Undergrad: 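My structure is below; once you've seen it, I'll send some questions.
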Amino acid sequence: MTAEMVAPAWMHSQISAEQYESWSEEQCAGIEIVDGMVVVGPSASKRHNRLARLLANALDAAAGPDWNADTDFDVRLQDVPLTNRRPDVIVYRADTIDLTPTRPEHVLLVVEVVSPGSETTDRVVKVDQYAKAGIPFCWRVEQAATGVPIVYTYVLDPATKAYRDGEMFTGTVTATAPFSITVDLGDM
């Protein structure tokens, strides 16, 4: 069996924004597009998905009526070449809920929960891409062996389009402006 027999032909050529927008939700689920190429990541564990959902629920409750927090949808970082990332959690302006695609200017915070197989992408590549796109805040959540997550926060320096290190938290997460939140993640 060859790779061509397993992977569809479109995975071997650059995808435009117009092509991607013509695909069904089912075709787009579980993939990201980086520089026009389809990237399929490793499947997330139950622990990963639960942690992302708990964070999204807590952020959504704390955000108030002006912001929404959700999981599992694209953020269009650039149109040419097409780059769509799918953060584990995203906090975005509530008034943009029906706009497609979601763009960096709609987003306040992205959260990446690091999993085996995605370490370099989540720790380095995505953080750099989110900063260059102008997303104000980024959190990286490490799933420590103790079961208590470690949260690294980053704050965008708009002049350099790079993140500076924020605070690090274990078990408790505190967000900065425009809202404040404390989440006890010790039972994970």
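Note that this is a predicted model, so its numbers are computed, not measured. For the numbers below, each heavy atom of this structure counts, side chains included, while hydrogens, waters and symmetry mates do not.
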Undergrad: What heavy-atom pair brings Val127 and Tyr163 nearest, and what distance separates the two atoms?
TA: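 Taking Val127 first and Tyr163 second, the nearest heavy atoms are O-CE1, 3.2 Å.
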Undergrad: Testing the 3.5 Å rule here: is there a donor-acceptor pair between the side chains of Gln129 and Arg85?
TA: yes
Undergrad: Hey, what do you get for CG (Leu156) to NZ (Lys161), rounding to the nearest 0.5 Å?
TA: 6.5 Å
Undergrad: Would you check if the side chain of Gln78 reaches a backbone N or O of Pro81 as a donor-acceptor pair within less than 3.5 Å?
TA: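 The answer is yes, because a donor-acceptor pair under 3.5 Å joins these two groups.
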Undergrad: Look up atom CD1 in Ile97 and atom CH2 in Trp67, then write down how far apart they are to the nearest 0.5 Å.
TA: 13.5 Å
Undergrad: Nearest 0.5 Å, what's the NE2-CG distance between His106 and Asn68?
TA: 12.5 Å
Undergrad: Quick one: does any side-chain atom of Arg123 pair with a main-chain N or O of Arg140 as donor and acceptor, under 3.5 Å?
TA: no
Undergrad: Do the side chain of Gln27 and the main chain of Ser24 share a donor and acceptor less than 3.5 angstrom apart?
TA: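 Yes, because the side chain of Gln27 sits within donor-acceptor range (under 3.5 Å) of the backbone of Ser24.
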Undergrad: Considering only heavy atoms from C-beta outward, does the side chain of Trp23 approach that of Ile15 to under 4.5 Å?
TA: yes
Undergrad: What are the two closest heavy atoms between Ala44 and His48, and how far apart are they?
TA: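 Looking at all heavy atoms of both residues, the closest pair is CB-ND1, 3.2 Å.
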Undergrad: Where is the tightest heavy-atom contact between Ala133 and Pro104, given as atom of each residue plus distance?
TA: O-CB, 3.3 Å
Undergrad: Please name the residue in the list Val107, Thr153, Leu109 that meets the side-chain contact (heavy atoms from CB on, under 4.5 Å) test with Phe137.
TA: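 Among Val107, Thr153, Leu109, the one that satisfies the side-chain contact (heavy atoms from CB on, under 4.5 Å) with Phe137 is Leu109.
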Undergrad: Give a yes or no on whether the backbone of Asp72 and the side-chain of Arg86 come within a donor-acceptor separation of less than 3.5 Å.
TA: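 Yes; judged by distance alone, with no hydrogens or angles, the pair exists.
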Undergrad: Identify the heavy atoms of Thr83 and Asp35 that sit nearest to each other, and give their distance.
TA: OG1-N, 3.2 Å
Undergrad: So that I can tick it off, tell me whether Arg53 and Asp60 are bridged by a salt bridge, with the cut-off set at under 4.0 angstrom between side-chain N and carboxylate O.
TA: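 Not counted as a salt bridge, because no side-chain N and carboxylate O are separated by less than 4.0 Å.
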Undergrad: Closer than 3.5 angstrom, by distance alone: can the side chain of Glu119 be matched with the main-chain N or O of Val114 as a donor-acceptor pair?
TA: no
Undergrad: Given 3.5 Å as the limit, does a donor-acceptor pair link the side chain of Thr121 with the main chain of Ser118, or not?
TA: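 Here the side-chain-to-backbone pair does not exist.
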Undergrad: How far apart are the closest heavy atoms of Asp88 and Ala52, and which atoms are they?
TA: O-CB, 4.0 Å
Undergrad: How about Phe73 and Tyr92: are their ring centres within less than 6.0 Å of each other?
TA: yes
Undergrad: Side chain to side chain contact (heavy atoms under 4.5 Å, CB included), that's the test. Do Phe169 and Ile150 meet it? Break it down for me.
TA: CA-CA 6 Å; Phe169 301 94; Ile150 302 168; over 6 Å; no
Undergrad: Could you grab the distance from atom CD of Glu18 to atom CG of Asp79, nearest 0.5 Å is fine?
TA: 8.0 Å
Undergrad: Thinking salt bridges, do Glu32 and Lys126 make one under a 4.0 Å N-O criterion?
TA: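 Here Glu32 pairs with Lys126 in a salt bridge, since their nearest N and O are under 4.0 Å apart.
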Undergrad: Which atom pair, heavy atoms only, marks the closest approach of Asp74 to Thr102?
TA: O-CB, 3.6 Å
